[in-house]
Number of protein chains: 2
Amino acid sequence: MKDKRVHILDSAEALFAEKGFDGTSVRDIAGHAGVNLAMISYYFGSKEKLLVALIAHRSSYTHGILEELNKDEKLSPWNKIERLIDLYVDKIVNNYKFHCIMTMHLPTIQSDDIREMITDIKIRNFEQIKKIINEGQKNKVFRKVDMELTVGCVMGTLTQVTLSKSLYCRLMHIDKNDEEGYREKMIPKIKAHLKELLKAHLDIKNQN
Amino acid sequence: MKDKRVHILDSAEALFAEKGFDGTSVRDIAGHAGVNLAMISYYFGSKEKLLVALIAHRSSYTHGILEELNKDEKLSPWNKIERLIDLYVDKIVNNYKFHCIMTMHLPTIQSDDIREMITDIKIRNFEQIKKIINEGQKNKVFRKVDMELTVGCVMGTLTQVTLSKSLYCRLMHIDKNDEEGYREKMIPKIKAHLKELLKAHLDIKNQN
DNA sequence: GTTTAAATCAAACAACCGTTTAACTGCTTT
DNA sequence: AAAGCAGTTAAACGGTTGTTTGATTTAAAC
């Protein structure tokens with residue numbers, strides 16, 4: 001069975017997101033995935049390499065989406081911002097467990113390799129968004145803003161909702177255990193909010 | 001010596017922020033604080049109770065600041081927003097290690113007591129900010145916005161910068177090991193950005 | 001100077017950690 | 001039928017974990 005690897009990765013993702021990397025034992029993962037303890041070393045080599053495999057596995061999905069968006073010459077900067085938010089919110093809310101791991105572990109993780117890997121992924125995404133805003137500024141439709149913090153604000157809002165899922169479910173009266181309902185209600189809310197926010201923030205007409 | 005307790009708390013804070021709760025051993029903390037291993041159990045009872053003591057210790061500082069701000073009747077909603085951002089950014093950037101622990105551990109921590117404690121603190125802060133925005137809306141100077149996500153955006157931006165300190169230092173060309181320089185450059189940047197952002201986002205004249 | 005209690009310490013505790021071992025399965029290839 | 005091999009297993013490995021013990025020091029109270 002080839003999908004036993006995937007099964008282990010899914011279990012690891014759920015447990016890392018819930019209890020953290022150090023808070024999750026290999027025995028936890030094996031038990032959750034219903035495989036023998038030794039299989040994890042057998043398939044992945046070590047717990048740390050399992051995390052690397054998980055990051056590679058999940059990152060490969062979205063790789064290239066942003067690049068495509070940026071190459072589309074027909075879209076105006078405003079359209080690109082809208083598309084960008086749609087893509088990003090979908091991606092992160094649908095994979096919030098993975099996003100949780102990624103943001104929790106950049107400061108925590110000891111391995112230089114993994115930290116660099118995560119940083120590289122974040123910077124790559126960052127550069128793509130920067131391009132869109134730069135284009136809008138060149139076309140005189142976006143005003144001058146603090147680039148790093150504008151991106152940080154979008155990312156941060158998503159991270160905030162993701163990392164404190166149960167808190168935001170409580171605040172917004174969503175059942176946190178109803179995955180389907182969470183996505184249905186949360187995704188359009190966040191999309192609408194971020195679009196409004198950036199529309200007001202970036203519009204050259206709102207120059208202070 | 002009474003301040004040996006404080007010394008342990010400081011060491012625990014630094015190590016928890018850097019390596020996470022589960023990634024830090026009691027021996028690490030004892031070594032860093034220069035005290036005997038057994039002193040931690042002696043003073044705090046257990047590692048988990050040490051974390052609770054740390055949260056209580058640091059939370060007591062800022063408790064009440066928001067309440068005072070809200071009671072000040074002379075300030076307009078816009079002034080309150082500005083004051084709020086000043087207070088918040090100072091508080092969080094100056095205590096970024098603690099903020100790091102607080103955000104990292106809400107999803108991770110297993111103990112129901114601690115999770116409830118953190119959630120309560122967050123919700124209390126949340127309610128205070130909500131009050132300010134509500135007042136501005138009643139006075140017809142703020143437009144209607146998604147309350148939860150507007151607050152989440154402010155918190156999230158700060159969390160983003162805090163949790164990915166080294167990434168944002170790299171992006172903004174700040175030496176991440178120079179604490180003084182980090183604060184001097186980062187604090188005004190974040191304050192200015194958040195004020196601009198909220199000004200555009202909340203202003204009733206920018207109704208879409 | 002004796003008493004009493006708090007503070008400190010090295011050592012030991014059992015439990016758990018990530019990883020490895022070596023035996024054993026089922027299945028394909030010769 | 002024998003050989004080979006990936007998949008699977010229970011058991012064991014050495015090391016680390018959080019916590020406790022019991023002896024020893026310190027310092028204040030009488």
Side-chain angles (χ1 to χ4, degrees), chain A residues 1-57 101 104-105 108-115 117-118, chain B residues 1-57 101 104-105 108-115 117-118:
Chain A
M1 272 194 235
K2 189 66 186 174
D3 54 273
K4 191 168 271 191
R5 278 181 62 100
V6 178
H7 207 192
I8 293 173
L9 286 171
D10 286 342
S11 295
E13 183 185 47
L15 291 170
F16 287 163
E18 188 191 343
K19 312 201 288 175
F21 180 75
D22 290 306
T24 305
S25 74
V26 209
R27 283 169 180 82
D28 286 339
I29 302 169
H32 190 278
V35 302
N36 187 274
L37 168 65
M39 295 310 294
I40 286 165
S41 292
Y42 179 74
Y43 276 130
F44 299 98
S46 70
K47 187 187 176 186
E48 199 176 273
K49 284 179 188 166
L50 169 62
L51 176 60
V52 176
L54 173 61
I55 296 174
H57 177 64
I101 297 172
M104 279 201 305
H105 288 80
T108 294
I109 217 79
Q110 297 300 301
S111 154
D112 288 338
D113 291 348
I114 300 183
R115 214 189 5 250
M117 193 173 166
I118 298 179
Chain B
M1 272 193 237
K2 192 65 187 174
D3 54 275
K4 192 167 270 190
R5 276 181 64 100
V6 178
H7 207 193
I8 293 173
L9 286 171
D10 286 341
S11 296
E13 182 185 47
L15 291 170
F16 287 163
E18 188 191 343
K19 311 200 291 176
F21 180 75
D22 291 303
T24 305
S25 73
V26 225
R27 283 168 181 81
D28 287 338
I29 301 169
H32 189 279
V35 301
N36 187 275
L37 168 63
M39 295 309 294
I40 286 165
S41 291
Y42 180 73
Y43 275 130
F44 299 98
S46 71
K47 187 187 176 186
E48 199 175 273
K49 284 178 187 166
L50 168 61
L51 176 60
V52 175
L54 173 61
I55 295 175
H57 177 63
I101 296 172
M104 279 201 304
H105 286 81
T108 294
I109 218 77
Q110 295 302 300
S111 155
D112 287 338
D113 292 348
I114 301 183
R115 216 193 356 255
M117 193 173 166
I118 298 179

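So that the names make sense, note that chain A is the first sequence line, chain B the second, and so on, each numbered from 1.
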S.K.: Looking at B/Ser46, does any N or O in its side chain come under 4.0 Å of the phosphate oxygens OP1/OP2 on D/dG18?
M.R.: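 For D/dG18, neither OP1 nor OP2 has a side-chain N or O of B/Ser46 closer than 4.0 Å.
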S.K.: Of the nucleotides D/dT8, C/dG18, D/dT19, which one has an atom closest to the side chain of B/Lys47?
M.R.: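 For the B/Lys47 side chain, the nearest candidate turns out to be D/dT19.
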S.K.: Taking side chain as C-beta onward, heavy atoms only, is B/Ile101 less than 4.5 Å from B/Ile55?
M.R.: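 B/Ile101 does not reach B/Ile55 side chain to side chain.
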S.K.: For residues 24-33 of chain A, which side-chain donor-acceptor pairs fall under 3.5 Å, sequence neighbours excluded?
M.R.:
unit_1, atom_1, unit_2, atom_2, d
A/Thr24, OG1, A/Leu15, O, 3.2
A/Thr24, OG1, A/Gly20, O, 2.7
A/Ser25, OG, A/Arg27, N, 3.4
A/Ser25, OG, A/Asp28, N, 3.0
A/Ser25, OG, A/Asp28, OD2, 3.3
A/Asp28, OD2, A/Lys19, NZ, 3.1
A/Asp28, OD2, A/Ser25, N, 3.1
A/His32, ND1, A/Ser11, OG, 2.9

S.K.: Nearest to the side chain of B/Tyr42, which nucleotide is it out of D/dT17, C/dA7, C/dG18?
M.R.: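 Among the listed nucleotides, the one closest to the side chain of B/Tyr42 is C/dA7.
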S.K.: Is there a side-chain contact between A/Ile8 and A/Phe44 in this structure, where contact means two heavy atoms from C-beta onward sitting under 4.5 Å apart?
M.R.: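 A/Ile8 vs A/Phe44: side chains touch.
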S.K.: Return the nearest nucleotide to the side chain of B/Arg27; candidates are C/dC17, D/dT8, D/dT19.
M.R.: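 So the nucleotide nearest the side chain must be D/dT19.
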S.K.: Decide yes or no for A/Met117 and A/Val52: does some side-chain heavy atom of the first lie under 4.5 Å from some side-chain heavy atom of the second?
M.R.: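 Heavy-atom side-chain distance check passes, below 4.5 Å.
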S.K.: Please report the distance, rounded to the nearest Å, between NZ in B/Lys19 and C1' in D/dT17.
M.R.: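 Roughly 13 Å, once rounded to whole Å.
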S.K.: Rounded to the nearest Å, what distance is computed from the CZ atom of residue A/Arg5 to the P atom of nucleotide D/dT8?
M.R.: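 Taking CZ of A/Arg5 and P of D/dT8, I get 12 Å after rounding.
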S.K.: Run the side-chain hydrogen bond (donor to acceptor under 3.5 Å, both in side chains) test against B/Asp10 and tell me which residues pass, sequence neighbours left out.
M.R.: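 By the side-chain hydrogen bond (donor to acceptor under 3.5 Å, both in side chains) rule, B/Asp10 matches B/Arg58.
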S.K.: Under a 4.0 Å heavy-atom cut-off, which of residues 29-41 of chain B touch DNA chain D?
M.R.: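 Correct list: B/Leu37, B/Ala38, B/Ser41.
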S.K.: Nearest whole Å is fine: how far is D/dA6 P from A/Lys4 NZ?
M.R.: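 Distance, rounded to whole Å: 16 Å.
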S.K.: A/Ser25 side chain N/O closer than 4.0 Å to the phosphate oxygens (OP1, OP2) of C/dC16?
M.R.: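 No.
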S.K.: Is A/Lys47 reaching over with its side chain to a backbone N or O of A/Ile40, donor-acceptor style, under 3.5 angstrom?
M.R.: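 No; judged by distance alone, with no hydrogens or angles, the pair does not exist.
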S.K.: Find the distance A/Glu48:CD to C/dC17:P and express it as a whole number of Å.
M.R.: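 Checked: the CD to P distance equals 18 Å.
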S.K.: Return the value, rounded to whole Å, for the distance between atom NE2 of B/His7 and atom P of C/dA7.
M.R.: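 In whole Å, C/dA7 P and B/His7 NE2 are 18 Å from each other.
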